[in-house]
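Right, one structure below, let's go through it.
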Amino acid sequence: MRRVWLALCFALLTACAQTPPAEVRGTCDLGLIVERASGRVVVVDTTAKRALGAVEGLGDLSHASVVFGRDGRYAYVFGRDGGLTKVDLLTQRIVKRVIQAGNSIGGAISQDGRLVVAQNYEPGGIKVFDAETLELLSEVPAGAKVVGLADLPGQKFAYALFEKGEIWLTDLTDPRHPHTQKFPAGQQPYDGLVTPDGRYYLAGLFGEDGVALLDTWRPELGVRKILENYGKGEEKLPVFKMPHLRGWAVAGEHVYLPAIGRHEVLVVDRRDWREVARIPVKSQPVFVMARPDGRQVWVNFAHPDNGWVQVIDTLSGKVVETLQPGKAILHMEFTPRGGEVWLSARDDHRVIVLDTQRYARLAELPAKSPSGIFFTSRAARTGF
Amino acid sequence: MRVCTKLAMLFILSLPAWSGVGAAELTAPELIRLVRQDCGACHGMTLKGGLGKPLTREALAGQSPEALAVIILHGKQGTAMPPWKSLLSEAQAHWIAERLLAGFPEEPQP
């Protein structure tokens with residue numbers, strides 16, 4: 001009898017341990033919101049427009065960024081304190097966490113999803129990790145702060161060095177033996193982006209007016225400058241926050257870039273890289289993000305004007321809407337097909353969901369000092 | 001004692017802004033939030049550095065509050081440090097400089 005009891009208890013325990021998740025679901029409409037001050041990320045469902053749960057213990061998440069594995073299930077969170085955390089969105093648990101540097105700023109994932117690369121300020125350089133185990137595979141010391149790390153097709157990565165003024169192209173075909181090409185780029189690159197096709201790498205320059213452009217299909221041609229002298233010797237306005245660049249700059253034939261020290265968005269034709277327009281905006285732009293269909297470009301601004309958001313209509317090239325959605329709008333993320341935009345209002349401690357057609361407020365989610373919002377649709381995009 | 005310090009802080013901060021046209025009358029918690037969150041954009045929320053230098057007590061050891069206040073108000077040529085004089089008064093810059101040298105206060109949890 002006693003034996004039967006024991007067997008029953010054992011069976012019950014194993015059954016509990018193996019209980020499948022309550023719900024079988026896909027991940028294409030999931031995302032993460034970073035709560036910068038509490039070391040926490042919130043898992044959200046963009047269809048239901050609600051939080052599914054939160055994952056704690058991720059360290060200093062000021063300026064944290066996130067990339068997704070190709071299955072859209074695992075998120076890699078890069079913290080400012082050098083922490084790299086692999087989070088399972090479905091179970092809302094930490095799978096693995098390593099402290100990989102003293103001061104980090106972000107990362108990228110390889111085309112095949114097998115390599116996660118961290119870009120570091122201290123010590124400056126990149127580090128390559130196995131995406132499955134987070135085992136360190138190799139590193140490329142740079143002797144400078146690495147900005148604008150972007151994945152390219154063919155297991156390659158492009159990035160820029162703030163103090164050295166260079167763009168580096170690292171081939172990780174053999175991840176334990178990186179091969180790096182170096183190009184002079186210009187003074188103080190602050191961030192970089194790769195066009196959605198994975199071909200052109202652009203590094204925005206802080207120390208001079210202009211953007212460095214590298215055709216990664218023909219790297220032997222070297223870097224050329226575009227938008228040179230866009231400030232025309234005028235004194236720069238103070239830049240209270242560095243702008244952020246990504247492939248979202250591209251909308252149709254045009255690339256929309258934040259001007260440094262000017263209250264303008266610069267528009268470049270991506271066929272010949274010539275400046276075609278300047279769009280005056282409310283303040284110093286930080287994120288200049290095209291809606292996925294390219295019909296609109298949304299712009300947020302540096303302190304003290306970070307309560308404002310403007311919408312540019314790309315057909316007319318004009319600002320068509322000026323919004324004040326909340327206090328300290330730090331980040332914006334579009335749902336995969338662009339019908340909605342999620343905005344983090346840091347000082348209101350909430351995330352706001354807007355309809356991008358009519359600008360109606362569809363939902364609000366509470367979050368402590370929210371900053372970055374990252375949806376799993378990034379998993380399928382080069383340069384995200 | 002703590003109450004006295006807090007009162008003194010509030011008194012200092014409510015001094016008229018003698019420089020910086022438009023420098024708002026920020027309260028101490030607002031200034032702490034500004035430093036942690038907005039200066040933190042470059043210097044890190046923990047002030048251990050980022051694109052900007054670390055601003056911890058150890059990192060700033062040996063600097064004078066006056067010199068730091070000048071950097072806060074006028075920026076630093078050749079770096080990404082902007083002048084904050086349009087947003088902060090001299091009194092506020094001094095207050096921040098002194099707090100940085102003493103180890104900057106944490107933000108109260110919301």
Side-chain angles (χ1 to χ4, degrees), chain A residues 35-39 59-64 79-82 102-106 120-122 124 144-147 162-163 187-191 205-207 235-244 260-261 284 286 302-306 327-328 330 346-350 366-369 371, chain B residues 17 19-27 29-56 58-59 70-89 92-93 96 104-110:
Chain A
E35 293 188 336
R36 70 199 304 267
S38 34
D60 178 359
L61 293 184
S62 57
H63 209 293
R80 170 74 87 167
D81 54 4
N103 198 313
S104 177
I105 197 68
N120 296 325
Y121 279 172
E122 189 53 54
K145 293 182 186 107
V146 174
V147 298
F162 182 72
E163 295 90 340
Q187 284 176 47
Q188 294 175 322
Y190 65 87
D191 202 0
L205 301 174
F206 182 83
E235 200 182 334
K236 269 187 194 174
L237 298 164
V239 179
F240 294 115
K241 186 172 167 65
M242 283 286 182
H244 285 269
I260 291 281
Q284 166 71 58
V286 175
H303 180 86
D305 296 314
N306 54 15
K327 278 190 216 149
L330 286 201
R346 184 193 67 200
D347 292 353
D348 281 338
H349 302 288
R350 70 173 73 128
K368 262 192 224 164
S369 294
S371 57
Chain B
S19 110
V21 208
E25 298 278 322
L26 294 173
T27 63
E30 282 170 335
L31 272 184
I32 292 169
R33 185 157 180 85
L34 174 97
V35 172
R36 290 264 168 210
Q37 301 289 337
D38 295 301
C39 302
C42 281
H43 297 283
M45 207 171 47
T46 56
L47 305 178
K48 285 182 190 155
L51 203 58
K53 288 187 172 174
L55 301 179
T56 53
E58 300 75 34
V70 167
I71 294 174
I72 293 169
L73 291 170
H74 302 284
K76 210 167 173 184
Q77 200 75 38
T79 75
M81 176 68 184
W84 289 80
K85 62 179 188 290
S86 59
L87 302 173
L88 295 172
S89 68
Q92 289 167 335
I96 292 170
F104 204 77
E106 292 293 334
E107 252 188 274
Q109 284 300 308

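Letters go in sequence order (proteins before strands), and every chain restarts at 1.
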Going through the checks in order, is the side-chain contact (heavy atoms from CB on, under 4.5 Å) test met by B:L88 and B:I96?
CA-CA 10 Å; B:L88 295 172; B:I96 292 170; 3.9 Å; yes

Which residue pairs pass the salt bridge (charged side-chain N to carboxylate O under 4.0 Å, His left out) test with at least one member in residues 37-52 of chain B, sequence neighbours excluded?
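Listed by first then second residue: A:R346-B:D38.
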
Surrounding NZ of B:K76 (heavy atoms of other residues, nucleotides or ligands, distance under 6.0 Å), is the total greater than 12?
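No, the 6.0 Å shell around NZ holds no more than 12 heavy atoms from other groups.
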
Can you tell me which of A:K145, A:K241, A:H63 forms the most heavy-atom pairs within a distance under 4.5 Å of chain B?
A:K145

Assess, by modelled atom type and distance only, whether the side chains of A:E163 and A:Q188 contain a donor and an acceptor separated by less than 3.5 Å.
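No pair is found: no donor N or O on one side chain lies under 3.5 Å from an acceptor on the other.
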
Contact class of A:F162 relative to chain B, heavy atoms under 4.5 angstrom:
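Side chain only.
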
Contacting moiety of A:N306, where chain B heavy atoms sit under 4.5 Å
side chain

